[in-house]
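Worksheet: the structure to be examined is printed underneath.
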Amino acid sequence: MSIPQEAVHSVLNHVLPHIERHLQCQSPTSTIRRPFILGLTGLQGSGKSTWTDALVKELRQSHGFNTIHLSLDDLYLDHDDLVQLRADNPSNKLVQTRGQPGTHDIALARSFFESLRAGSEILIPSFDKSKFNGEGGRKPKDTWYRVPAGTAIDVVVFEGWCVGFQPLEETAIRQRWEEGLQKQTALEYPTETLKDHAVEHLLDANTQLRGYCDLFMGPKHLDFLVHLDTDDLVNVYRWRMQQEHALRARTKESMTDEQVVQFVKGYMPAYELYLGQLRRAFFGLSVSNARNKGQLRVVLDQDRTVVDIDLYK
Ligand SMILES: Nc1ncnc2c1ncn2[C@@H]1O[C@H](COP(=O)(O)OP(=O)(O)OP(=O)(O)O)[C@@H](O)[C@H]1O
């Protein structure tokens with residue numbers, strides 16, 4: 001499945017002036033330039049990888065930008081550490097599988113983003129979700145993509161499901177959780193799930209998210225953010241089911257609808273807590289040079305067709 005070219009162009013038309021301005025401000029004589037960091041966030045199964053491929057191809061081929069990409073998924077803890085994390089926290093449902101803030105390797109993230117700034121050799125980590133019966137594990141380091149030291153990278157597309165989420169104050173999390181206790185959970189496609197978790201576990205994930213934002217994922221680190229969103233959160237369940245049904249038709253190995261609901265439900269608490277702020281604005285006025293940064297909300301329908309593109313000003 002590919003993204004229609006006109007949708008890719010519509011998005012890039014908003015991003016390109018920012019990239020050009022950014023690159024003009026970098027010293028032409030220096031081989032060490034800070035690349036433009038284009039964040040791409042989106043709901044589970046919204047098409048982040050597919051959009052990343054399309055954007056990278058267009059940036060390279062039509063605009064000549066030396067572009068690399070990293071997925072937050074490639075920063076997961078290695079398998080042994082994921083196993084240890086869940087063994088150390090048996091009652092915390094949020095860390096029983098990879099996914100939530102806290103299940104990524106902060107040291108690995110730091111070394112990747114530092115290598116971008118330093119102009120040293122860049123090693124792009126790679127995680128194989130199929131290893132260990134689907135629990136996932138890191139690919140051997142000697143298979144990672146390497147960018148030689150001194151290479152001038154123009155653009156990095158950094159994609160991940162919780163890129164763009166920003167931590168909340170503890171009181172806000174407690175309040176949302178308490179409100180959640182009063183809410184009914186829809187049986188088929190639940191979108192009110194906070195009460196399924198201990199508030200301490202939600203707070204732990206929030207603390208982890210704060211660390212991510214401080215280090216590599218917050219507004220000061222990104223230059224532009226594209227957000228793949230939908231007006232109906234139930235579409236996240238539908239998208240994943242479509243994907244699994246297509247997989248079943250091809251390979252006979254896929255999740256059942258019930259497994260899809262359990263899988264997607266694991267991401268719901270973060271959507272419930274953090275999507276509101278992301279939809280209001282990612283780059284707040286507290287960020288220096290916020291006016292040079294930009295945010296787009298790309299609204300998808302249940303077939304992932306783009307129905308709207310909103311530019312935040
Ligand atoms: N615009 C689109 N129209 C229809 N199908 C699409 C579109 N974009 C992606 N898909 C299909 O949706 C599925 C999920 O896409 P993709 O893997 O890119 O999403 P993702 O957001 O990266 O997923 P995940 O959250 O699981 O990492 C794939 O089967 C892909 O082919």
Side-chain angles (χ1 to χ4, degrees), residues 1-12 38-58 69-76 82 94 97-101 103-104 124-131 134-139 156-165 189 191 217 225-257 259-271 274-275 278 296-309:
M1 176 53 66
S2 58
I3 309 293
Q5 274 301 93
E6 63 186 57
V8 176
H9 289 160
S10 301
V11 165
L12 280 183
L38 172 57
L40 177 71
T41 185
L43 299 156
Q44 271 300 317
S46 55
K48 295 179 294 298
S49 314
T50 315
W51 271 88
T52 298
D53 290 348
L55 292 171
V56 168
K57 188 171 167 210
E58 190 68 12
H69 59 97
L70 174 75
S71 170
L72 184 65
D73 290 356
D74 287 314
L75 297 176
Y76 280 129
L82 288 169
L94 292 172
T97 52
R98 60 171 198 262
Q100 303 297 317
T103 62
H104 301 85
I124 306 181
S126 189
F127 188 89
D128 182 349
K129 293 180 185 171
S130 67
K131 274 178 132 181
E135 289 185 357
R138 208 167 277 161
K139 289 187 189 166
V156 178
V157 179
F158 175 43
E159 164 264 308
W161 75 274
C162 61
V163 171
F165 288 175
Y189 299 135
T191 54
M217 220 170 73
L225 183 65
V226 175
H227 176 201
L228 305 177
D229 200 4
T230 181
D231 285 335
D232 184 1
L233 259 192
V234 166
N235 282 336
V236 189
Y237 291 98
R238 297 192 184 114
W239 290 334
R240 190 67 195 210
M241 279 184 193
Q242 287 165 8
Q243 203 174 325
E244 294 298 322
H245 292 175
L247 194 63
R248 196 173 313 155
R250 285 202 314 275
T251 68
K252 298 205 165 60
E253 272 188 41
S254 68
M255 286 194 233
T256 63
D257 288 0
Q259 285 169 325
V260 169
V261 170
Q262 289 313 315
F263 172 79
V264 172
K265 212 174 134 188
Y267 292 88
M268 243 347 121
Y271 299 154
Y274 304 117
L275 262 182
L278 173 58
L296 273 189
R297 178 170 179 250
V298 180
V299 186
L300 309 174
D301 68 8
Q302 63 174 312
D303 300 317
R304 298 188 190 79
T305 301
V306 176
V307 290
D308 207 0
I309 296 182

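Computed from a predicted model, the values in this text were never measured in an experiment. First listed ligand is number 1; within each ligand, the first listed atom is number 1.
Considering backbone and side-chain atoms together, Thr50 places an N or O closer than 3.5 Å to an N or O of ligand 1. For a threshold of 3.5 Å applied to N or O pairs, the pair formed by Gly45 and ligand 1 contains at least one separation below that value. Between Ile3 and ligand 1, not a single N/O pair is under 3.5 Å apart.
Contact annotation: for Arg240 versus ligand 1, heavy atoms closer than 4.0 Å belong to the side chain alone. Counting heavy atoms under 4.0 Å from ligand 1, residue Leu300 does not touch it at all.
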Q: Begin from the C-alpha positions of Asp231 and Arg297 and carry the test salt bridge (Lys or Arg N to Asp or Glu O under 4.0 Å) through to its verdict.
A: CA-CA 11 Å; Asp231 285 335; Arg297 178 170 179 250; 3.0 Å; yes
Q | Test side-chain hydrogen bond (donor to acceptor under 3.5 Å, both in side chains) applied to Asp53 and His69, step by step | A | CA-CA 9 Å; Asp53 290 348; His69 59 97; 4.8 Å; no
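Distances below 4.0 Å separate heavy atoms of Gln44 from the following atoms of ligand 1: 24 (P), 25 (O), 26 (O). Interface atoms of ligand 1 facing Asp303, defined by a heavy-atom separation under 4.0 Å, are 3 (N), 4 (C).
The protein heavy-atom contact nearest to atom 5 (N) of ligand 1 is Met1 CG, 3.2 Å. For atom 29 (O) of ligand 1, the nearest protein heavy atom (residue, atom name, distance) is Gln243 CG, 3.8 Å. Closest protein heavy atom to atom 17 (O) of ligand 1: Ser49 OG, 3.9 Å. Nearest non-hydrogen protein atom to atom 20 (P) of ligand 1 is Lys48 N, 3.4 Å. Protein heavy atom closest to atom 1 (N) of ligand 1, with residue, atom name and distance, is Arg304 O, 3.5 Å.
A 4.5 Å side-chain heavy-atom check between Val226 and Val11 finds at least one atom pair inside the cut-off.
No side-chain donor-acceptor contact under 3.5 Å links Lys48 to the backbone of Leu40.
Using a 30° and 60° split on the angle between ring planes, Trp161 and Tyr271 fall in the perpendicular class, above 60°.
Thr230 and Asp232 form no side-chain donor-acceptor contact under 3.5 Å, judged by distance and modelled atom types alone. Donor-acceptor pairing under 3.5 Å is recorded for the side chains of Gln5 and Glu58.
Contact check on Asp73 versus Arg98 returns no salt bridge, with no Lys/Arg side-chain nitrogen under 4.0 Å from an Asp/Glu carboxylate oxygen.
For Glu244, the salt bridge (charged side-chain N to carboxylate O under 4.0 Å, His left out) criterion is met by Arg240, not counting sequence neighbours.
Residue Ser46 places a heavy atom under 4.0 Å from ligand 1.
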